[in-house]
Amino acid sequence: MAKADTGDSDTPRREIRLVEEEGGGWSAIDKETGVASQGETRSEALVNLDEAVALHKGEIGEPVTDADLRDLGIDPDAVPDEPREPDAPWFSE
């Protein structure tokens, strides 16, 4: 579950944008990293965002290998080394 800011100076502050989608559900975007996630509720979207940001920062999970990409039918040479801005409508708002 996402944690509220308790004012602890050791915890870095994060700016998060929550968007209620027209068809239902919520999107959550971490402004610093540009990582986004979604959920059926605000709480679920925030929990999913926390996990996505931790994965993005390498705090949890394992790095994706070329073999992993091949298993998914993706040519590793076609994947850019540097991340690029996703093609998602909420990033251009």
Side-chain angles (χ1 to χ4, degrees):
M1 172 95 26
K3 297 179 182 172
D5 181 14
T6 60
D8 183 356
S9 62
D10 292 338
T11 304
R13 295 182 59 87
R14 291 171 56 194
E15 184 177 346
I16 296 170
R17 180 169 176 221
L18 282 170
V19 178
E20 186 174 13
E21 302 297 340
E22 288 183 24
W26 290 83
S27 294
I29 303 106
D30 182 282
K31 300 295 264 181
E32 178 186 344
T33 62
V35 172
S37 194
Q38 59 83 36
E40 291 184 24
T41 65
R42 290 182 296 177
S43 294
E44 184 179 328
L46 289 169
V47 168
N48 292 342
L49 180 64
D50 285 343
E51 180 180 14
V53 169
L55 286 164
H56 174 77
K57 291 182 173 182
E59 297 170 351
I60 62 172
E62 298 293 326
V64 176
T65 66
D66 286 354
D68 294 330
L69 293 173
R70 283 188 206 94
D71 288 346
L72 294 168
I74 300 171
D75 178 5
D77 294 328
V79 177
D81 291 331
E82 294 298 319
R84 61 180 199 261
E85 188 166 312
D87 182 22
W90 56 81
F91 283 96
S92 61
E93 292 180 358

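Note: hydrogens, waters and symmetry copies are ignored here, and every other heavy atom, side chains too, is used.
Among the candidates L18, I16, V19, the single residue satisfying the side-chain contact (heavy atoms from CB on, under 4.5 Å) test with I29 is V19.
Through direct or indirect side-chain contacts shorter than 4.5 Å among Ile, Leu, Val, Met, Phe, Trp and Tyr, L55 is connected to I60. The hydrophobic cluster containing V79, built from Ile/Leu/Val/Met/Phe/Trp/Tyr side-chain heavy atoms closer than 4.5 Å, also comprises V64, L69, L72, I74.
Within the structure, side chain to side chain donor-acceptor pair (under 3.5 Å) pairs that include any residue of residues 51-60 do not occur (at least two apart or interchain).
For the side-chain contact (heavy atoms from CB on, under 4.5 Å) test, residues two or more places apart in sequence or in another chain that qualify with D75 are D77, A78. D68 pairs by the side chain to side chain donor-acceptor pair (under 3.5 Å) definition with T65, not counting sequence neighbours. By the salt bridge (Lys or Arg N to Asp or Glu O under 4.0 Å) test, R70 pairs with no residue at all, sequence neighbours left out. With sequence neighbours left out, R14 forms a side chain to side chain donor-acceptor pair (under 3.5 Å) with D30, D50.
Pairing each heavy atom of E40 with each of W26, the nearest pair is O-CD1, 3.7 Å. Closest approach of A52 to V35, counting heavy atoms only: CB-CG1, 3.6 Å. Here the shortest heavy-atom pairing between A45 and S37 reads O-CB, 4.4 Å.
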